[in-house]
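Accompanying notes for the structure given below.
We're numbering straight along the sequence, starting at 1.
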Amino acid sequence: MSAFQVSLHAQPLLTKDEAAFYNLLRLTVQDQYLVFAQVPVWCLIDAQAADPKARAAFFNTIALRRVDFVLVHPGTLATEKIIELDDPAISAAQKEGRNKLIDGIFKEAGIALVRLQNPGSYTAPTLAAALGLGE
């Protein structure tokens, strides 16, 4: 029993399919990028506002949102690309709303976002091409 009067149990960070994609992604980018998984959106942006209430409202909107994978430059530690995997369990209406919000945030922040369909169908070369990575 925790101090919060809730039952707590460990859970996996990634599903088996996400873990398989993560391993392929690491193989594909090798030393070009650091790869992070399940990163909260608020960790990837610096949000400023003249009105503190507007900033707080924005952070409340993104509070529990996270992205699937992030590619970070190993030298500068700058976020280079966000990778979102298609989740067939999410309805089209939910995807549309979420995607619009996430797309807008990263477009304004100047961070490239790549959405991948059927993540289990990639090989290292096809994934590199989909991510726009050179040889």
Evaluation steps, side-chain contact (heavy atoms from CB on, under 4.5 Å), between Val67 and Phe106
CA-CA 11 Å; Val67 294; Phe106 291 117; 3.7 Å; yes

How about Asn99 and Leu101: do any of their side-chain heavy atoms sit closer than 4.5 Å?
no

Grouping I, L, V, M, F, W and Y whenever their side-chain heavy atoms are under 4.5 Å apart, do Val70 and Leu14 come out in a common cluster?
no

Between CG of Asp17 and CG of Asn118, what distance do you get to the nearest 0.5 Å?
11.0 Å

Using the ring of each side chain (for Trp, its six-membered ring), is Tyr122 parallel, tilted or perpendicular to Phe21, with breaks at 30° and 60°?
perpendicular

Thr126 meets the side-chain hydrogen bond (donor to acceptor under 3.5 Å, both in side chains) criterion, sequence neighbours left out, with Thr123

Hydrophobic clusters here meaning ILVMFWY residues chained together by side-chain heavy-atom distances under 4.5 Å, can you tell me if Val41 and Phe36 are in one?
yes

Side chain Lys81, main chain Ile111, donor-acceptor under 3.5 Å
no

Sequence neighbours excluded, every pair satisfying ring pair (Phe, Tyr, Trp, His ring centres under 6.0 Å) that has a member inside residues 41-62
none

Please say yes or no: joined through hydrophobic side-chain contacts below 4.5 Å, possibly via intermediate residues, are Val72 and Tyr33 part of one cluster?
no

I want to check something: taking the side chain as every heavy atom from C-beta on, are Leu34 and Leu71 in contact at a cut-off of under 4.5 Å?
no

Per side chain to side chain contact (heavy atoms under 4.5 Å, CB included), Leu127 is matched among Leu25, Val114, Leu27 by Leu25

Report yes if the side chains of Leu85 and Leu116 come closer than 4.5 Å at any heavy-atom pair, otherwise no.
yes

Can you list the steps and then say if Gln117 with Asp86 is a side-chain contact (heavy atoms from CB on, under 4.5 Å)?
CA-CA 5 Å; Gln117 305 293 318; Asp86 180 48; 3.2 Å; yes

Quick one, Leu113 and Lys107 - any side-chain contact, counting heavy atoms below 4.5 Å?
no

Rounded distance [0.5 Å steps], CD in Gln32 versus OG1 in Thr28:
9.5 Å

Could you check if a side-chain atom of Ile45 sits within less than 4.5 angstrom of a side-chain atom of Ile105, using non-hydrogen atoms only?
yes

Does the side chain of Arg26 reach to within under 4.5 Å of the side chain of Val35, using non-hydrogen atoms?
yes

Measuring from atom CZ of Arg115 to atom CD1 of Ile102, what distance do you get when rounded to the nearest 0.5 angstrom?
7.5 Å

Same hydrophobic cluster for Val29 and Tyr22, using side-chain heavy-atom links shorter than 4.5 Å among ILVMFWY?
yes

Pairwise side-chain contact, Leu44 with Ile82, heavy-atom cut-off 4.5 Å (strictly under)
yes

Is it true that Leu13 and Leu24 fall in one hydrophobic cluster, defined by side-chain heavy atoms closer than 4.5 Å?
yes

Assess whether side-chain contact (heavy atoms from CB on, under 4.5 Å) is satisfied between Arg98 and Glu84, documenting all intermediate values.
CA-CA 11 Å; Arg98 182 187 188 286; Glu84 287 280 80; 2.4 Å; yes

Check this for me: Glu96, atom CD, are more than 12 non-hydrogen atoms of other residues, nucleotides or ligands nearer than 6.0 Å?
no

